[in-house]
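Just below is one structure, and these are the notes that go with it.
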Number of protein chains: 2
Amino acid sequence: MPEQTTGSRPTLEAVAARAGVSRATASRVVNGGAGVRPPLVDKVRQAVEELGYVPNQAARTLVTRRNGAVAVIIAEPEFRIFSDPFFEQQVRGISRELTAYDSQLVLLWVEGPGDYDRIARYLGGGHVDGALAFSLHNDDELPAIIRRVQVPTVFGGRPGWPGAASELAVPYVDCDNRGGAREAVRHLVSLGRRHIAHIAGPRDQTSALDRIDGYRDVLLDADPELVRQGDFTADSGARAMAELLDRRPDLDAVFAANDLMASGALRTLRERGRRVPQDVALVGFDDMASVVETTDPALTTVRQDIEGMGRLMVRLLMRVLNEGEPGAGAPASVITPTTLVRRASA
Amino acid sequence: MPEQTTGSRPTLEAVAARAGVSRATASRVVNGGAGVRPPLVDKVRQAVEELGYVPNQAARTLVTRRNGAVAVIIAEPEFRIFSDPFFEQQVRGISRELTAYDSQLVLLWVEGPGDYDRIARYLGGGHVDGALAFSLHNDDELPAIIRRVQVPTVFGGRPGWPGAASELAVPYVDCDNRGGAREAVRHLVSLGRRHIAHIAGPRDQTSALDRIDGYRDVLLDADPELVRQGDFTADSGARAMAELLDRRPDLDAVFAANDLMASGALRTLRERGRRVPQDVALVGFDDMASVVETTDPALTTVRQDIEGMGRLMVRLLMRVLNEGEPGAGAPASVITPTTLVRRASA
DNA sequence: CGATCTTCAGAGAGCGCTCCCACCCCGGCC
DNA sequence: GGCCGGGGTGGGAGCGCTCTCTGAAGATCG
């Protein structure tokens with residue numbers, strides 16, 4: 001490991017000496033200056049300025065046991081989807097909110113199963129005050145690690161196994177997938193559509209499952225033939241659309257579980273000579289700018305505030321951190337609302 | 001700032017007591033165990049295991065002045081290009097290499113001019129051993145900050161002003177843009193093409209400038225009309241291609257400064273009824289998988305090892321950190337080779 | 001067989017900071 | 001005018017670790 005080359009930086013001791021006060025007083029000023037008389041405050045401030053003093057974080061952490069850093073854990077398959085603007089936005093939200101709390105973002109990138117050891121060691125090493133983790137699958141090792149090293153954590157997206165949040169005392173932030181889906185389908189119903197199909201996402205993602213549930217909430221007796229599954233990619237959407245048209249040529253509306261699949265469906269619909277929205281109305285989910293604005297017709301979709309969810313994750317984590325010990329159970333998870341954005345496709 | 005809720009973790013003292021040795025011996029074992037007799041080593045190891053001991057990084061940093069963390073500074077406009085797989089790959093390379101050095105990646109996200117204060121404070125606060133920064137423009141404040149706080153740094157991409165690296169004693173890692181461009185153009189020449197156009201990138205990026213230079217190296221007396229400028233987006237490539245065809249309908253080859261612009265050019269060529277590669281041969285730059293494999297015909301392009309460049313940045317930084325004081329000037333920057341990948345378009 | 005050398009373990013001094021506590025000084029009170 | 005109280009300040013004890021230095025062994029040699 002490397003050696004710090006920056007020459008010796010001034011210490012609090014030096015500041016105190018220059019200002020003609022004790023180290024304790026200098027410390028008080030540096031940390032806000034409460035309970036120190038104005039003339040002294042000024043003297044210390046000036047000394048800090050002149051010396052270019054910056055507190056040594058390690059020393060501070062050693063005694064306060066807080067280090068002003070939060071880990072963001074990203075598993076490789078997820079990160080690959082950075083091209084999916086989803087993560088970019090969420091991380092941006094997290095980053096922004098963290099600066100408000102004067103905390104830093106430490107990126108923990110999980111490449112494979114072997115990496116979990118490293119992650120566990122890091123999390124357990126007290127390098128960070130807390131952790132933010134994303135959309136876990138059932139078999140993920142992370143929950144076990146989190147329980148073991150007891151690091152305060154907030155999940156992004158509802159974890160994929162029942163009772164996870166309460167069991168682990170780990171809250172999560174997710175958007176109202178089910179409610180959003182309901183709104184999308186109700187909108188199609190209100191348009192007078194009678195045979196509304198659904199292109200669902202992968203079964204191991206709670207967001208996809210919740211969206212199916214929302215669809216079913218509205219269409220209690222929907223023909224199972226009207227639901228096909230994709231994997232959130234455009235191609236899978238195109239394939240699913242083709243199958244749907246083969247099985248139920250009479251369908252007059254489609255709710256796709258994300259925008260990418262909706263764009264694929266749109267392609268198929270055009271190839272098959274169906275006009276959108278006249279013959280088939282189409283609604284997506286996510287309001288992903290790069291997709292939604294480039295389709296023709298522009299896509300009606302369900303918007304979720306992704307950056308806001310990132311910020312919320314941070315705020316929730318900070319609350320966990322501040323409540324601390326008092327036997328406080330898991331703070332409630334947060335479900336953010338969605339809004340239907342009407343464009344040309346439905 | 002938050003409070004650490006994890007209960008008190010075992011200290012080295014506790015490990016030493018349990019193993020029946022002194023704190024010093026326990027420390028030696030934890031740090032590799034050199035110079036300690038095997039039976040004692042085992043005893044300490046066992047104690048560590050039983051207690052679940054993890055060294056307190058803050059305490060360690062306090063005395064060693066090394067903290068095993070490196071900042072990656074990403075400015076907003078660049079990060080927006082996370083959708084551009086370029087950054088994803090580079091950050092992945094950095095992340096991978098850092099784990100090899102047992103260092104962590106701290107993401108510093110610059111949102112605007114005001115943020116530089118925060119960055120400077122952080123960098124100056126000794127939170128990280130060094131920093132990695134990307135493709136700076138002339139007016140960037142970062143170099144000034146780096147000089148002021150004296151944090152060891154490595155740039156990704158050649159900085160945009162002359163002598164920057166040597167002035168700042170900051171090395172950089174870049175690919176051989178000029179050589180790669182030369183190879184691309186030579187390839188077109190070897191195909192018997194006589195009127196080879198170039199779609200250049202923005203003038204404020206050194207990579208774009210170097211690629212023009214490479215083009216001119218080969219075609220010393222190229223008609224200026226054969227060079228148009230884009231901004232690295234597909235649309236700009238399409239526009240530039242249209243202008244080129246208007247001005248020089250006789251052109252029979254195009255070298256685009258990146259794959260995205262090449263894909264745009266391809267679109268225009270098809271619209272204008274030019275066959276690729278029969279009528280017009282086309283070469284891109286970057287070998288960006290998502291573009292290169294989806295174009296029709298598949299794109300011949302110049303590959304750069306982006307992940308490798310990320311890793312190289314880390315290795316260079318580690319070298320800077322380890323050399324340390326001995327009046328060592330800036331370590332030499334590294335230019336990585338490029339390779340021409342022949343596909344169908346040229 | 002004693003003197004010198006070589007290991008290897010332990011004692012102890014900090015690293016730079018925060019925070020508890022003792023102390024001082026001054027105003028207000030009896 | 002002595003006493004109490006409280007705001008302000010300084011002293012000093014650590015936080016958990018590394019690392020130098022000392023010293024006790026055992027190994028080697030004349």
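Lettering follows sequence order; numbering is per chain, from 1.
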Please state how far atom [atom1] in [X] lies from atom [atom2] in [N], giving the value in whole angstrom units.
X         : N       : atom1 : atom2 : value
His127(B) : dC17(C) : NE2   : C1'   : 13 Å
Leu12(B)  : dG10(C) : CG    : C1'   : 14 Å
Arg65(B)  : dC17(C) : CZ    : C1'   : 12 Å
Glu13(B)  : dC17(D) : CD    : C1'   : 10 Å
Arg9(A)   : dC15(C) : CZ    : P     : 14 Å
Gln57(A)  : dT18(C) : CD    : P     : 9 Å
Lys43(B)  : dA9(C)  : NZ    : P     : 10 Å
Leu62(B)  : dT18(C) : CG    : P     : 12 Å

Sole residue of Leu317(B), Val173(B), Asp305(B) in side-chain contact (heavy atoms from CB on, under 4.5 Å) with Leu312(B):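 Exactly one pass, corresponding to Val173(B).
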From CG (Leu62(B)) to CD (Gln57(A)), nearest 0.5 Å: 11.5 Å
Spacing of CD1 belonging to Ile119(A) relative to CG belonging to Leu142(A), to within rounding of 0.5 Å: 8.0 Å
Any donor-acceptor N or O pair under 3.5 Å, side chains Asn56(B), Arg65(A):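 Absent: no donor and acceptor within the cut-off.
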Gly35(B) or Val63(B), whichever maps to the more 5' nucleotide of DNA chain C: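 The residue closer to the strand's 5' end, by nearest nucleotide, is Gly35(B).
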Any side-chain heavy-atom pair of Val151(B) and Tyr122(B) under 4.5 Å: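 Not in contact.
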Pairs involving residues 306-318 of chain B, ordered by first then second residue, that meet side chain to side chain donor-acceptor pair (under 3.5 Å) (sequence neighbours left out): Arg96(B)-Glu307(B), Glu97(B)-Arg311(B), Glu97(B)-Arg315(B), Glu307(B)-Arg311(B)
Which residue lies more 5' along DNA chain D, comparing Ala59(A) with Ala24(B) via nearest heavy atoms: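 Taking each residue's closest nucleotide, the earlier one in sequence belongs to Ala59(A).
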Whichever of Tyr53(B) and Arg37(B) has its nearest DNA chain D nucleotide further upstream toward 5':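 That would be Tyr53(B).
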Nearest listed nucleotide, side chain of Thr64(B), among dG10(C), dT18(D), dC19(C):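 Minimum distance to the Thr64(B) side chain belongs to dT18(D).
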Nearest listed nucleotide, side chain of Asn56(B), among dC17(C), dG16(D), dT18(D): dG16(D)
Any residue of residues 25-32 of chain A with a heavy atom less than 4.0 Å from an atom of DNA chain D: Thr25(A), Arg28(A)
Residues forming a salt bridge (Lys or Arg N to Asp or Glu O under 4.0 Å) with Asp42(B), sequence neighbours excluded: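 Checked Asp42(B) against salt bridge (Lys or Arg N to Asp or Glu O under 4.0 Å); zero matches.
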Set of residues satisfying salt bridge (Lys or Arg N to Asp or Glu O under 4.0 Å) with respect to Arg148(A), sequence neighbours excluded: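 Per chain and number, Arg148(A) pairs via salt bridge (Lys or Arg N to Asp or Glu O under 4.0 Å) with no residue.
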Where Asp129(A) and Gly68(A) come nearest, the two heavy atoms and their spacing: OD2-N, 2.8 Å
Arg60(B) side-chain N/O to dT18(D) phosphate OP1/OP2 under 4.0 Å: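 Yes, such a contact exists.
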Phosphate OP1/OP2 of dG16(C): any Thr11(A) side-chain N/O under 4.0 Å: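 False: Thr11(A) side-chain N/O out of range (4.0 Å or more) of dG16(C) OP1/OP2.
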Bend angle of the helix from dC1(C)-dG30(D) to dC30(C)-dG1(D), end axes from five pairs each (to 10°):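 That helix gives 60° between its end axes.
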Glu50(A): side chain to side chain donor-acceptor pair (under 3.5 Å) partners, not counting sequence neighbours: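 Counting only residues at least two positions away or on another chain, Glu50(A) forms a side chain to side chain donor-acceptor pair (under 3.5 Å) with Arg18(A), Gln46(A).
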Quiz item: Arg23(A) side-chain donor-acceptor pair to dT18(C) base, under 3.5 Å: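 Checked by distance alone, the answer is yes.
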